[in-house]
Novice: 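Got a structure here, written out as structure tokens. Questions coming.
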Amino acid sequence: MDRFESVNREKKNLITVKNVSRVFPVPGGEFRALNDISVEIPQGTFVILKGRSGSGKTTLMNLIGTLDDPTEGEIFYDGRKIGELSERERENLRRREFGFVFQSVSLIPSLSVQQNVEFSMRLAGEKNEKTLSSRAQECLKLVGLLGRKEHMPSELSGGEQQRVAIAKALAPRPRLLLADEPTAELDSAMAAAVTELFQKMSEQEGVTVLMTTHDAGLMGAAQMLIELENGEQING
Ligand SMILES: Nc1ncnc2c1ncn2[C@@H]1O[C@H](COP(=O)(O)OP(=O)(O)O)[C@@H](O)[C@H]1O
Ligand SMILES: [Mg+2]
């Protein structure tokens, strides 16, 4: 715990989740997917959000990623209340400051691997062709797929496509990387390599990484663990 406290003292919080609940209407009533969650995430931290299937991990990621809104409580990003931002401001955050990696990979099938990585930078506003190309190649190298840059997504395995998706998320240099079960479809060696890559991104580039997993073998890489059970936060 000492490590957390010293991290907290040295760095400011990028994300503050304050007494957040998310209740979904369901036939015949409502379902409390998250109940009174409070978390502070210092900038540059590699956080693993763990918990069984159905514990509320994706729901919490979606709230932090501005894809959904809490029914109670507040979320602050870089000191700003997410709930008070306009849809345009949220979209800007998602494009320019957040990187998303989902369990099921969504590459654009008609673009090559490199063009896919460049595309996320274009969305974030980068127009310089040289920068696009060199940064895309740098990120593909990082995930070990530079040699496949000219390939089409359909020519890659599932695990390789996931690594391209990670390169794509990293390319625009996000401040916050939200990775929801990114290793679920990878073999254990690749899952460990991807987790190590996230660890390196946070240590070397100061990226704040929030990754969900239920793989106990990966937890050791995290600087901070948040555990959910049936929508409740478990301490420790
Ligand atoms: N839109 C929704 N409507 C109703 N229930 C939902 C909705 N989204 C999620 N849930 C429920 O909330 C709980 C948590 O879901 P989720 O956050 O996806 O869990 P996890 O990602 O940990 O597997 C689950 O029981 C799920 O069925
Ligand atoms: Mg989930």
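The first residue in the sequence is number 1, and the count goes up from there.
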Novice: Heavy atoms, side chains only, cut-off 4.5 Å: are Ser38 and Val17 in contact?
Specialist: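 In short, these two side chains do not touch, never coming nearer than 4.5 Å.
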Novice: Please tell me whether Ile37 and Leu67 are part of a single hydrophobic cluster in this structure, the criterion being side-chain heavy atoms less than 4.5 Å apart.
Specialist: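 Yes.
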Novice: If we only count heavy atoms from C-beta on, is the Arg173 to Met121 side-chain gap below 4.5 Å?
Specialist: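 Counting from C-beta outward, Arg173 and Met121 never come under 4.5 Å.
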Novice: Report yes if some heavy atom in the side chain of Leu177 is under 4.5 Å from a heavy atom in the side chain of Phe198; otherwise report no.
Specialist: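 In contact.
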Novice: Is Asp215 paired with Lys50 through a side-chain N to carboxylate O contact shorter than 4.0 Å?
Specialist: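 A salt bridge is absent here (no side-chain N lies under 4.0 Å from a carboxylate O).
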Novice: Mind checking whether Leu34 and Leu228 have side chains closer than 4.5 Å, heavy atoms only?
Specialist: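 SC-SC contact between Leu34 and Leu228 confirmed.
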Novice: Is there side-chain contact between Asp68 and Arg22, with heavy atoms separated by less than 4.5 Å?
Specialist: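 Contact flag for Asp68/Arg22 side chains = yes.
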Novice: Checking the side chain of Thr208 only, and the main-chain atoms of Gly44 only, is there a donor and an acceptor separated by less than 3.5 Å?
Specialist: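 Yes, the answer is positive, given that a donor and an acceptor are paired below the 3.5 Å cut-off.
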Novice: Do Ile75 and Lys18 make a side-chain contact, defined as non-hydrogen atoms from C-beta onward lying under 4.5 Å apart?
Specialist: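 SC-SC contact between Ile75 and Lys18 ruled out.
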Novice: The criterion is side chain to side chain donor-acceptor pair (under 3.5 Å); which residues satisfy it with Thr131, sequence neighbours excluded?
Specialist: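 Checked Thr131 against side chain to side chain donor-acceptor pair (under 3.5 Å); matches are Asn128.
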Novice: Any chance you could lay out the salt bridge (charged side-chain N to carboxylate O under 4.0 Å, His left out) test for Arg95 and Glu91, step after step, and finish with the verdict?
Specialist: CA-CA 6 Å; Arg95 287 187 175 186; Glu91 195 178 312; 3.3 Å; yes
Novice: Once you round to the nearest 0.5 Å, how far does CG of Leu178 lie from CG of Leu210?
Specialist: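 That separation rounds to 5.5 Å.
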Novice: State plainly whether the residues Glu84 and Arg80 are in salt-bridge range, i.e. N to O under 4.0 Å.
Specialist: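 So Glu84 does not pair with Arg80 through a salt bridge.
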Novice: Can Lys57 and Asp180 be counted as an ion pair, charged N to O under 4.0 angstrom?
Specialist: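 Salt bridge between Lys57 and Asp180, a charged N being under 4.0 Å from a carboxylate O: no.
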Novice: Look at the rings of Phe100 and Phe98 and say which category their plane angle falls in: under 30° parallel, 30 to 60° tilted, over 60° perpendicular.
Specialist: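 Rings of Phe100 and Phe98: perpendicular, as their planes differ by over 60°.
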Novice: Would the number of heavy atoms belonging to other residues, nucleotides or ligands and lying under 6.0 Å from CZ of Arg52 be above 12?
Specialist: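 Count not over threshold, so no.
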Novice: Kindly indicate whether the side chain of Leu49, heavy atoms from C-beta on, has any atom under 4.5 Å from the side chain of Leu60.
Specialist: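 Yes, side chains in contact.
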Novice: How long is the span from the CG atom in Leu142 to the NZ atom in Lys200, to the nearest 0.5 Å?
Specialist: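 With rounding to 0.5 Å, CG (Leu142) is 5.0 Å from NZ (Lys200).
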Novice: Would one find more than 12 heavy atoms of other residues, nucleotides or ligands at under 6.0 Å from atom CZ of Phe119?
Specialist: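 12 or below, so no.
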Novice: Give a yes or no on this: more than 12 heavy atoms of other residues, nucleotides or ligands lie within 6.0 Å of atom CG of Asn230.
Specialist: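 Counting neighbours around CG of Asn230, 12 or fewer heavy atoms of other residues, nucleotides or ligands fall under 6.0 Å, so no.
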Novice: Is the shortest distance from a Lys or Arg side-chain nitrogen in Glu232 or Arg32 to a carboxylate oxygen in the other one below 4.0 Å?
Specialist: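 No, no charged N to carboxylate O under 4.0 Å.
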